[in-house]
Amino acid sequence: MRRLTNLLFAGAVAFLGTPAAAETLVDVTSSRVSEAHPVPVFKADAAWPRLPEDQMLGQVSGLAVAPDGHIWLTQRPHSLGATDLGLDSNEALACCRTPSPVLRLDPEGRIVAEWGGPESAPTINGVNQWPANTHGLFVDDGGNVWIGGNGAGDHAALKFSPEGEYLGQVGLREQTDGNFSESLLGLPADISSAQGSVLVADGYANKRVIEFLDEGDGAFAFEQLFGAWGEPPMAPVREGDFDQSQATSTGDGGPQPEGENFGDIVHCVVRGPDDTIYVCDRRNNRVQIFRETAEGVDFVQNVVIAGESGGTRTATDVGFSPDGKYVYVADMMNGRVWILLRETHEVLGSFGKNGRYPGEFIWLHSLDVDAEGNIYTSEVNTGRRVQKFVMTGFMD
């Protein structure tokens, strides 16, 4: 029996945090929906990240906290214009140079390594495998970095060492073959790799999650695939390339929070506590939860995130508090992070709002949590930034 939990705006009460504990911490707009449980409180660190003076970020499409506490980003240099990159053409005195597509930041927000681009990936059958438009980024327990793409022909998910050495891939750029292919992908949005199992939110063209087994030495074997509710992925695939204007289109008929199929952006796949898998069905304003078993996956729950929202829609990424008590869901359209009680997936509150100042969001895209419970977020389109939210206590 399907269990449907609807997260509504009604009853949200505005709340502003206490005075900043440090000069760089900024109060953020927060709301509380439920009084039944304590709700984590966050402040934005306005001094994070601490980028070099000659660098700015493009659209930050992927973000992950590594096991060592470093924060990895993939950003899109091509989203910066000529006036942003004056140092490249010697037309500016101070700023800026083109940043690398992959950046490694220490916990203080300083860049400690950067790499990426066509030179980092092989050419196979005459096609360079580096994505035209990077999307999701994931760092596994071994520190290896996985990158997906949603640009023209980006039908591959690539694996690299922390130093940027190419280690293999699933799928091939410029080759796709629909929802039931056991080897090719369709614009993969996100990756989760653990204990030799690689899950892909396959994602911007296909409408499914697919699993491969990492056999080592760059070899991957098909394991299983599934669509919404754990059923076969019957949704039609996107024909042709994806462009960002389609992210706000109403051509799909609007969100279907109880729809039989994944919508036209399966945006995230995230492993949670207790063998769970969280899948962001962004265009249908929902997160579907599954449990991994020896026989495959079982459907657990359908969690609707601000189900009436149109535009860019809502659920883009998921993270968890270090103790596993809370689930955090990034909501692109409404510019906020929802706070849920993981035991029931009841919404407890949220923080953030649409805007360009610290603690606000434009096209909120990715989210992850560090070992201290701090949340990191990234923004695309005209947002083009990453933020850190420091967990400062609880609303009791």
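It should be emphasised that the depicted structure is a prediction, and the values quoted were computed from it without experimental measurement.
The disulfide bond (SG atoms under 2.5 Å apart) analysis of residues 212-304, with sequence neighbours excluded, yields the pairs C268-C280. Sorted by first and then second residue, the side-chain hydrogen bond (donor to acceptor under 3.5 Å, both in side chains) pairs involving residues 170-184 (not counting sequence neighbours) are D154-R173. Residues in residues 104-150 take part in no disulfide bond (SG atoms under 2.5 Å apart) pair, two or more places apart or across chains. Screening residues 111-122 for salt bridge (Lys or Arg N to Asp or Glu O under 4.0 Å) gives R97-E114 as the qualifying pairs, with residues at least two apart or on separate chains. Identified under the disulfide bond (SG atoms under 2.5 Å apart) test for residues 361-396, with sequence neighbours left out: none.
No side-chain heavy atom of V33 sits under 4.5 Å from any side-chain heavy atom of L348.
The six-membered or imidazole ring of F220 lies near that of W146, with a centre-to-centre distance under 6.0 Å.
The side chain to side chain contact (heavy atoms under 4.5 Å, CB included) test applied to D274 returns R291, R342, not counting sequence neighbours. With sequence neighbours left out, D368 forms a side chain to side chain contact (heavy atoms under 4.5 Å, CB included) with L63, A64, V65. Remark: A121 pairs with N128, Q129, W130, L158 by the side chain to side chain contact (heavy atoms under 4.5 Å, CB included) rule, at least two apart or across chains. Every residue two or more places apart in sequence or in another chain was checked for a ring pair (Phe, Tyr, Trp, His ring centres under 6.0 Å) with W363, and none qualifies. The ring pair (Phe, Tyr, Trp, His ring centres under 6.0 Å) search around H155 returns none, not counting sequence neighbours. Under the ring pair (Phe, Tyr, Trp, His ring centres under 6.0 Å) criterion, F42 pairs with Y328, F351, sequence neighbours left out. Residues meeting the side chain to side chain contact (heavy atoms under 4.5 Å, CB included) test with F394, sequence neighbours left out: P38, P40, Y326, M391, D396.
In this model, no donor atom of one side chain and acceptor atom of the other lie less than 3.5 Å apart for R32 and S350. Between the side chains of D45 and T24, a donor-acceptor pair is found at a separation under 3.5 Å.
The residues D281 and R313 are annotated as not salt-bridged, no charged nitrogen and carboxylate oxygen being separated by less than 4.0 angstrom. Salt bridge D252/R238: absent, no basic N to carboxylate O contact under 4.0 Å.
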